[in-house]
There are 2 protein chains.
Amino acid sequence: MSGEKVLVAISPSTEELVNIVDSALLEGDVLTIFARCRVHYDGRAKSELGSGDRVILIKPDGSFLIHQTKKREPVNWQPPGSRVRLELREGPILVSVRKKPRETLEVELEDVYMISAFRAEDYEELSLTGSESEMAEMIFESPELIEPGFRPLFREKQIRHGIVDILGKDSRGNLVVLELKRRRAELHAVSQLKRYVEALMEENGGNVRGILVAPSLTSGARRLLEKEGLEFRKLEPPRRTGAGKGRQTTLL
Amino acid sequence: MSGEKVLVAISPSTEELVNIVDSALLEGDVLTIFARCRVHYDGRAKSELGSGDRVILIKPDGSFLIHQTKKREPVNWQPPGSRVRLELREGPILVSVRKKPRETLEVELEDVYMISAFRAEDYEELSLTGSESEMAEMIFESPELIEPGFRPLFREKQIRHGIVDILGKDSRGNLVVLELKRRRAELHAVSQLKRYVEALMEENGGNVRGILVAPSLTSGARRLLEKEGLEFRKLEPPRRTGAGKGRQTTLL
DNA sequence: ATATGCATGTCGTAA
DNA sequence: TTACGACGTGCATAT
């Protein structure tokens, strides 16, 4: 890297390839490779990808991404913690291995158009607002958003068959389960809520109310919710101004 | 691109930056940028990311990825179909806009270490085996994998409250719902199965059996399954040899 | 466009 | 490590 942030080789020789890969893996650089390649994956599932041009990204934490020219998702990948090495068989092959579960990714490099190493320095974390956990905070701050007299008692409360978002009581002392969704709630959300309500009825006895709290409902979710005698409270996730969650910006 | 697959500029001037970005967007190249940048996102949620070194990937289909040095997931992104442009304010800013839902991603490029355009050609599709849909095919081919006398009748059958993986009948003529999972089944899977069984009991009347078909169960899933009188059949997803799903390799 | 569910999901958190 | 559920989930599919 000779003191620079970026090292690039166009159509590198095998020797150059080996040197740059080895150095990058050693030094903790991000490796980016443009290459014609074939990909073989075997692990939780198994896949083959024939020859074509792709962008390969290898991060110092072991993350390994192979991107085609379309879609947000990598066509093949390996998660953080995987160990990568460059093998020389007929041609150069990138091999990434994960253990637990055992998964291997092999990339036959048929033609390397470019390889680059990037000494990236980054100390920042994403600060995001509009999440479900912020909805929960908002409800604890202003319980009347649910209904007059609602008292939230537990957050992420483990019960017999799952984990309830918010557990509280209404003005009459009935147990109330809230299931929060940051976006339009689907059947899945109603199933969750029903599971929690049924578990609490068994554990606790007596009447238990279930309220789905979300900006809106799908048609099917509303149908099931009504059939099951569950309730809906419309609520949007809040948008904190400036920094959201993440690292707190220290004032002054 | 002057006839080559790859064009690279190290520490480009603003003019070079503009030229390469414009040309790549026009020509359908994959753009890769190493830069110190700040990121602002607003859409379904809202986020801020302070200054740091990242890898930026922009695909010809509008996919936009910003990667930090860790994790498999991009820290910020825009999905396919988004429209990107390079604006010049105080400095260069990449702006990507998606409509429906309206989402904007802005990347302030504080220091561009490298920019490259890659004229990638790729006509291959991933061929994957070990999926849930292959489990379903296997069960239709060999219903006795479930139990003697089991007859599968419908695949992905829409019912009142959801879509059943496989609907069939047992040797006694009872309706049987199968919920398939390609990996260890969790509480969620049992909730699904229960929802389908209850819906069919209402719709159809009479006894309806529910069988969760998966390689294994979590402790909680087993607990709920037993409480609800549902059944479990251990089954691994099959591994087709050679090509799996995807493009069929024509034999002969 | 809406609804529904899979995914090599990935990721964070708690027991 | 396992279990559980969120995610700006993304993505395919069916209506």
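Chain naming here is simple, since letters A, B, ... match the order of the sequence lines and numbering starts at 1 in each. These numbers were taken from a predicted model, which means no experiment stands behind them.
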message: Any base atoms under 4.0 Å from B:P80, or only sugar-phosphate, or nothing? Heavy atoms, all strands.
response: sugar-phosphate
- prompt: Looking across every strand, which nucleic acid part, if any, lies under 4.0 Å from A:R195 by heavy atom: base, sugar-phosphate, or nothing?
  reply: sugar-phosphate
task: Grab the CD-C1' distance between A:E106 and C:dT8 for me, whole Å please.
output: 16 Å
query: Is a side-chain N or O of A:E203 found less than 3.5 angstrom from the main chain of A:R160, in a donor-acceptor match?
result: yes
query: Given atom CG of A:D61 and atom P of C:dC11, what is their separation to the nearest angstrom?
result: 8 Å
field: Sugar-phosphate, base or nothing in reach of A:D42, heavy atoms under 4.0 Å
entry: nothing
query: OP1 or OP2 of C:dT4 sitting under 4.0 Å from any side-chain N/O of A:T218?
result: yes
query: Hey, does the side chain of B:Y196 reach the backbone of B:L200 with a donor-acceptor pair shorter than 3.5 angstrom?
result: no
task: Determine whether any donor atom in the side chain of B:N76 lies under 3.5 Å from an acceptor atom in the base of D:dG8, or the reverse, and answer yes or no.
output: yes
field: Interatomic distance, B:D165 CG vs C:dA7 C1' [rounded to whole Å]
entry: 13 Å
- prompt: Can a side chain N or O of B:S219 be found less than 4.0 Å away from OP1 or OP2 on D:dA3?
  reply: yes
field: B:S63-A:R72 side chain donor-acceptor pair, cut-off 3.5 Å
entry: no
query: With distance as the sole test, does A:R182 use its side chain to make a donor-acceptor pair with the main-chain N or O of A:G130 at under 3.5 Å?
result: yes
task: Whole angstrom is fine here: how far is it from CD in A:E125 over to P in C:dG12?
output: 9 Å
- prompt: In whole Å, what separates the P atom of D:dG8 from that of C:dT4?
  reply: 23 Å
message: One thing to verify: whether A:K227 and B:E198 come together as a salt bridge, which I'm taking to mean a side-chain N less than 4.0 angstrom from a carboxylate O.
response: no
query: With a non-hydrogen cut-off below 4.0 angstrom, is B:Q192 in contact with a base, only sugar-phosphate, or nothing?
result: sugar-phosphate
query: If you find the nucleotide of DNA chain C closest to A:P79 and the one closest to B:K100, which residue's nucleotide is nearer the 5' end?
result: B:K100
Phosphate OP1/OP2 of D:dT9: any B:W77 side-chain N/O under 4.0 Å: no
query: Whole Å only: how far is the CZ atom of B:R155 from the C1' atom of D:dA14?
result: 13 Å
- prompt: A:R44 side chain N/O closer than 4.0 Å to the phosphate oxygens (OP1, OP2) of C:dT10?
  reply: yes
query: Between C:dA7, D:dC11, C:dG9, which nucleotide gets closest to the side-chain atoms of A:K71?
result: D:dC11
- request: Output, in order, the C-alpha distance, side-chain angles, deciding distance and verdict of side chain to side chain contact (heavy atoms under 4.5 Å, CB included) for B:I56 and B:L109.
  value: CA-CA 10 Å; B:I56 299 162; B:L109 298 171; 3.9 Å; yes
query: So which nucleotide from C:dA7, D:dC11, D:dC4 ends up closest to the side chain of A:R72?
result: D:dC11
query: Does the D:dG10 base have a donor-acceptor partner in the side chain of A:E73 within less than 3.5 Å?
result: no
message: Roughly how many Å apart are C:dT8 and D:dC4, using the P atom of each and rounding to a whole number?
response: 22 Å
Check: B:D122 side chain, B:E124 main-chain N or O, donor-acceptor pair, under 3.5 Å: yes
task: Give, ordered by number, those residues of residues 175-189 of chain B having at least one heavy-atom distance below 4.0 Å to an atom of DNA chain C; if nothing qualifies, reply none.
output: B:E179, B:K181, B:R182, B:R183
query: Rounding to a whole Å, what distance do you find between A:L105:CG and C:dG9:C1'?
result: 16 Å
query: Nearest nucleotide by nearest heavy atom, which residue falls closer to the 5' end of DNA chain D, B:Q78 or A:Q158?
result: A:Q158
- prompt: Has the side chain of A:E132 got a donor or acceptor that lies under 3.5 Å from a partner of the other kind on the base of D:dG8?
  reply: no
task: Quickly work out the A:L128 CG to C:dC11 P distance and round it to whole Å.
output: 16 Å
- prompt: Between B:L126 (CG) and C:dA7 (P), how many Å, whole number?
  reply: 13 Å
message: Any base atoms under 4.0 Å from B:S47, or only sugar-phosphate, or nothing? Heavy atoms, all strands.
response: nothing
message: D:dC4, OP1 or OP2 - any side-chain N/O from A:Y196 closer than 4.0 Å?
response: no
task: Using a 4.0 Å heavy-atom cut-off across all strands, classify A:G220 as base, sugar-phosphate, or nothing.
output: sugar-phosphate
- line: Residue pair A:A45/B:I163 against DNA chain C: nearer the 5' end by closest nucleotide is B:I163
task: Just jot down the salt bridge (Lys or Arg N to Asp or Glu O under 4.0 Å) partners of B:R195, sequence neighbours excluded, or say none.
output: none
field: Partner set under salt bridge (Lys or Arg N to Asp or Glu O under 4.0 Å) for A:R222, not counting sequence neighbours
entry: A:E226
